[in-house]
Amino acid sequence: ARAVMLFGRPGAIPEGPLRLAQLTGAPIVPVFSARIGHGRYAVYIREPVIVLRHADDSEIGTAAQEIADALGEFVSAHPTQWFPFHG
């Protein structure tokens, strides 16, 4: 997992997608959906997060924080759409 600030507190997001993006050059596109009624959903698509193939640890951390910020903004706007899973 990659350490990030999430909802103003220390948190973590999976590092695998970041490394896969780095290896392949594929962008990470944060996509979120919110239920807005019976059988109705709104989909929110954010700008792609790019992880360069030669990215250093700091640049990967910056990309991770961009993803965490996108998640935080979505959940802040749609708090009923969040369920934290704990093992």
Side-chain angles (χ1 to χ4, degrees):
R2 175 62 68 148
V4 294
M5 291 300 292
L6 189 57
F7 309 118
R9 300 175 68 186
I13 63 170
E15 188 165 1
L18 294 158
R19 294 296 181 177
L20 187 58
Q22 181 185 29
L23 290 171
T24 65
I28 298 173
V29 182
V31 177
F32 307 98
S33 66
R35 186 172 182 183
I36 58 172
H38 181 70
R40 297 181 56 220
Y41 297 85
V43 177
Y44 300 88
I45 303 170
R46 299 289 302 259
E47 290 292 319
V49 176
I50 306 298
V51 182
L52 300 175
R53 290 181 185 223
H54 62 275
D56 62 22
D57 195 60
S58 174
E59 292 168 320
I60 294 170
T62 298
Q65 189 59 57
E66 286 181 44
I67 294 165
D69 291 345
L71 174 62
E73 289 172 19
F74 174 79
V75 173
S76 293
H78 306 280
T80 62
Q81 305 298 306
W82 172 255
F83 184 83
F85 293 94
H86 296 281

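Index from 1, following the sequence. Keep in mind the model is a prediction, meaning the values are calculated, not measured.
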Smallest heavy-atom separation, Gly72 atom then Leu6 atom, equals N-CD1, 4.4 Å
Closest heavy-atom contact between Pro14 and Pro17?
O-CD, 3.7 Å
List for me each residue that meets side chain to side chain contact (heavy atoms under 4.5 Å, CB included) alongside [X], sequence neighbours excluded, and say none if there are none.
X	value
Thr24	Leu20, Ala26
Val75	Phe7, Leu71, Trp82
Leu23	none
Arg19	Arg2, Glu15, Gln22, Asp57, Ile60

So how far is it from Ile13 CD1 to Leu18 CG, rounded to the nearest 0.5 Å?
5.0 Å
Pairs flagged by ring-ring contact (aromatic ring centres under 6.0 Å, His included) wherever residues 42-64 is involved - sequence neighbours left out
Tyr44-Phe74, Tyr44-His78
Table please: side-chain donor-acceptor pairs of residues 30-42 below 3.5 Å, with sequence neighbours left out.
{"from": "Arg35", "atom 1": "NE", "to": "Gly37", "atom 2": "O", "distance (Å)": "3.3"}

Sort and list the pairs that fulfil side-chain hydrogen bond (donor to acceptor under 3.5 Å, both in side chains) and have at least one residue in residues 4-13, not counting sequence neighbours.
none
Salt bridge (charged side-chain N to carboxylate O under 4.0 Å, His left out) partners of residues 71-81, not counting sequence neighbours, each pair once
Arg46-Glu73
Holding to side-chain hydrogen bond (donor to acceptor under 3.5 Å, both in side chains), I want the full list of residues that pass it with Gln65, two or more places apart in sequence or in another chain.
Asp69
Do the non-hydrogen side-chain atoms of Val4 and Ile67 ever get within less than 4.5 Å of each other?
no
